[in-house]
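I am attaching a structure below and will ask some questions about it afterwards.
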Protein chains: 2
Amino acid sequence: MKPASIKDIASKANVSITTVSFILNGKAEQMRISKAVIEKVNTIIKEFDFKPNQVARSLRTGNTQTIGLIVEDISNPFFASIARKIEDKAYKKGYKISYSSTENDPVKAKELIEMFKARQVDAYIIAPVPGIESEIKQLLTERIPVVIFDRNLPDMEVNYVVVDNFNGTYIATKHLIDSGKKNIAFVTVDLHVDQINNRFLGYEKALQDRGIQFNKDIYTEIPFDSTDDNTTAQLMLLFEKNPEIDAVLFSTNYLAIKGLLVLKLIKKEINDDFSIVAYDDHDVFKLHTPPISVVDQPIEEMAEKIIDVLLNELASASNTLIKKEASKIILQPKFIKR
Amino acid sequence: MKPASIKDIASKANVSITTVSFILNGKAEQMRISKAVIEKVNTIIKEFDFKPNQVARSLRTGNTQTIGLIVEDISNPFFASIARKIEDKAYKKGYKISYSSTENDPVKAKELIEMFKARQVDAYIIAPVPGIESEIKQLLTERIPVVIFDRNLPDMEVNYVVVDNFNGTYIATKHLIDSGKKNIAFVTVDLHVDQINNRFLGYEKALQDRGIQFNKDIYTEIPFDSTDDNTTAQLMLLFEKNPEIDAVLFSTNYLAIKGLLVLKLIKKEINDDFSIVAYDDHDVFKLHTPPISVVDQPIEEMAEKIIDVLLNELASASNTLIKKEASKIILQPKFIKR
DNA sequence: ATGAAAGCGCTAACAA
DNA sequence: TTGTTAGCGCTTTCAT
């Protein structure tokens with residue numbers, strides 16, 4: 001049996017569908033529909049458990065009350081946590097989230113944007129991969145609200161919410177140096193995206209500020225799509241070839257976890273003479289013996305800012321054509337010494 | 001500027017919108033539209049970068065190519081991993097995922113189902129909370145494909161994919177007993193849902209089979225919505241009051257992590273005389289010193305089965321009214337000794 | 001205070 | 001082989 005439509009309600013109530021529509025949309029008062037009619041219609045709506053078809057409504061009004069969330073990988077705890085917070089806030093405003101993972105593949109990212117466009121999502125939240133600048137620009141010219149996060153795309157007038165990646169590694173590196181470390185390895189991923197670059201630059205600058213020469217032997221890039229075994233091999237090599245290393249700074253959370261597993265494997269002890277710092281906090285680091293210091297990103301705050309900026313745009317999108325300046329929000333990471 | 005519509009394409013190409021529609025939907029051959037026309041239309045489609053409005057299409061066809069995913073909390077790694085795998089598979093078949101977290105609140109769960117219904121999602125994947133049986137039954141009578149997972153709802157003819165929770169704790173407990181443990185504490189959550197109940201029953205049965213008396217002093221239920229501090233306090237109490245405990249079996253992943261943090265806090269060492277077993281694997285357990293044994297759930301397999309069952313129903317839903325028997329899939333967990 | 005009717009963009013039955 | 005047209009369920013303008 002097909003679900004009831006507004007037409008069924010109208011005919012049962014002996015009123016026009018217009019009247020029902022007004023009542024549904026809270027315009028009854030404004031349209032001065034009589035209390036009696038309102039009540040009668042509402043009773044019938046309840047009786048039929050009628051829910052307006054959102055698809056039809058979307059077609060008519062042009063908005064879907066849906067936000068497209070495009071991240072690298074929803075199963076990464078960083079993105080999953082953000083997704084959750086965003087979902088919460090969006091839900092309260094009547095928006096739903098549709099999500100997708102890009103796997104850092106610009107082709108897939110483009111497809112996803114197309115798909116979301118075809119589905120008429122009202123707004124986008126994107127952790128951008130390099131190579132989708134033009135698609136995002138396109139969204140912008142179509143005046144569709146967009147917030148990018150985690151990574152910035154340089155030279156674009158787009159709302160963003162990022163963490164000061166440069167400063168994150170800067171403070172971490174400085175801390176290591178100040179606690180006596182001289183040979184600080186840097187393990188990162190081969191993605192030359194803004195936020196990873198900046199993490200490297202912060203590390204480099206801290207070394208420089210403290211008069212330590214950057215040593216490229218103890219700088220390692222792990223391919224993003226490296227297999228577990230390859231990653232392990234590469235890290236083992238790093239430690240074998242460079243016994244002088246007295247600290248390691250990992251530029252991402254998952255690399256640090258891999259790193260800890262390798263250290264465990266080769267039975268290299270973490271102690272006062274050999275420190276580890278990870279980027280992005282995780283239960284693993286709290287629980288590790290010894291606990292691992294981290295650069296902590298303010299996830300909750302990020303999610304909050306993202307959704308605030310977006311809802312704000314969504315609210316104003318309708319009633320103005322004036323291009324406001326993009327919101328550029330840079331949050332500060334915290335170094336957590338453990 | 002509004003995006004192009006099928007009408008624009010048709011008029012540019014001097015053909016009717018029907019022709020364009022057929023070409024778009026791959027029915028050109030079948031409708032024996034001439035090669036020349038197809039080519040011309042395709043060129044124009046590309047030129048305009050035309051993407052059919054999925055909302056209009058949905059209104060017309062009645063399906064949205066969207067699957068609603070309702071879980072307890074998308075930021076929980078277990079659900080996040082499943083979500084990711086499901087997304088992948090669904091995407092390949094042209095389906096998108098809309099997700100929502102219930103926070104174990106039946107009221108919210110009901111609202112979410114309503115919301116998804118209003119949005120006309122084609123199918124549901126639900127990790128059910130107690131109290132939504134009737135909503136799910138309703139979906140079933142409306143012949144909307146549903147798969148529930150993680151937890152089973154007893155006495156319902158609905159597709160489900162679950163892990164044999166009873167057996168999971170059964171083998172874990174047996175293992176502990178066989179390695180000489182006599183006072184095995186059980187820490188669980190106060191949710192009396194099917195899968196948690198079964199985990200307790202497996203534990204109880206293993207004790208019984210080995211002739212050990214269940215001791216309720218070392219059985220602890222932590223409220224689902226307990227604050228961090230309360231949880232900590234409750235666990236500390238457990239260990240203080242019952243120094244005879246020589247092993248702890250946690251019924252969930254997050255409780256085990258909490259537990260490890262507490263043990264760290266009270267400096268209680270994990271060693272041959274005091275073992276921990278967690279439910280659901282996690283990097284934390286691999287990396288922990290010493291590593292923690294776990295009951296591992298086959299996440300990938302679950303996701304695969306879920307989506308297989310669903311796509312299967314989706315494919316057959318259209319061409320048959322025959323009620324097939326529900327797929328009831330029970331996967332086996334694995335005990336990983338560490 | 002309420003209703004008639006157009007139209008959002010698309011699909012598909014029916015015509016030609 | 002291609003075109004005409006009704007209609008999916010709703011919102012909203014214009015009438016009354």
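A, B, ... follow the sequence lines: proteins, then strands. Residue 1 opens every chain.
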Is a salt bridge present between B:Lys89 and B:Glu304, judged by a nitrogen-to-oxygen distance below 4.0 Å?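 Looking at B:Glu304 together with B:Lys89, the answer is yes, because their closest N to O distance falls below 4.0 Å.
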With no angle test and no hydrogens, is the base of D:dT11 tied to the side chain of A:Thr18 by a donor-acceptor pair under 3.5 Å? no
Donor-acceptor pair, side chain of B:Arg151 and main chain of B:Pro128, under 3.5 angstrom: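 Yes; judged by distance alone, with no hydrogens or angles, the pair exists.
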Which nucleotide, C:dC10, D:dT12, C:dT2, lies nearest any side-chain atom of B:Asn53? C:dC10
Would you kindly give the CD1-to-C1' distance between A:Ile23 and C:dT2, to the nearest whole Å? 10 Å
Can you tell me how far C1' of D:dG7 sits from CD1 of A:Ile6, to the nearest Å? 16 Å
Over how many whole Å does the gap from B:Lys35 atom NZ to D:dT2 atom C1' extend?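 It works out to 17 Å between those atoms.
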Is a side-chain donor-acceptor pair under 3.5 Å present for B:Thr18 with B:Ser21? no
Can you measure A:Asn63 atom CG to D:dT12 atom P for me and round it to whole angstrom units?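 Atom-to-atom, A:Asn63 to D:dT12, this comes out as 10 Å.
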Could you check whether B:Val55 gets within reach of a base, just the sugar-phosphate, or nothing at all, counting any heavy atom under 4.0 Å?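 Nothing: the residue B:Val55, judged by heavy atoms under 4.0 Å, touches no strand.
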Separation of B:Arg60 atom CZ from C:dA13 atom C1', in whole Å? 9 Å
Phosphate OP1/OP2 of D:dT2: any B:Thr19 side-chain N/O under 4.0 Å: no
I'd like to know if A:Glu72 pairs up with A:Lys108 as an ion pair, taking the criterion as any Lys NZ or Arg NE/NH1/NH2 lying under 4.0 Å from an Asp or Glu carboxylate oxygen. no
When you get a sec, tell me which of C:dC10, C:dA12, D:dG9 is the closest nucleotide to the side chain of B:Ala56? C:dC10
Taking the nucleotide of DNA chain C with the closest heavy atom to each, which residue, A:Ile17 or A:Val37, is nearer the 5' end?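 The residue closer to the strand's 5' end, by nearest nucleotide, is A:Val37.
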OP1 or OP2 of D:dT11 sitting under 4.0 Å from any side-chain N/O of A:Ser21? yes
Rounded to whole Å, please give me the gap between NZ in B:Lys27 and P in D:dG3. 17 Å
Hey, does A:Arg119 have a side-chain heavy atom less than 4.5 Å from the side chain of B:Gln65? yes
Please state how far atom CZ in B:Phe22 lies from atom P in C:dC14, giving the value in whole angstrom units. 12 Å
What's the closest nucleotide to the side chain of A:Ser5 if the choices are C:dC10, D:dC10, D:dT11?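 Selected nucleotide: D:dC10.
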Closest-nucleotide 5' rank along DNA chain D - winner of B:Ser34 and A:Gln54: B:Ser34
Closest-nucleotide 5' rank along DNA chain D - winner of A:Leu24 and B:Thr61: B:Thr61
To the nearest Å, give me how far apart CZ (B:Arg57) and P (C:dT11) are. 4 Å
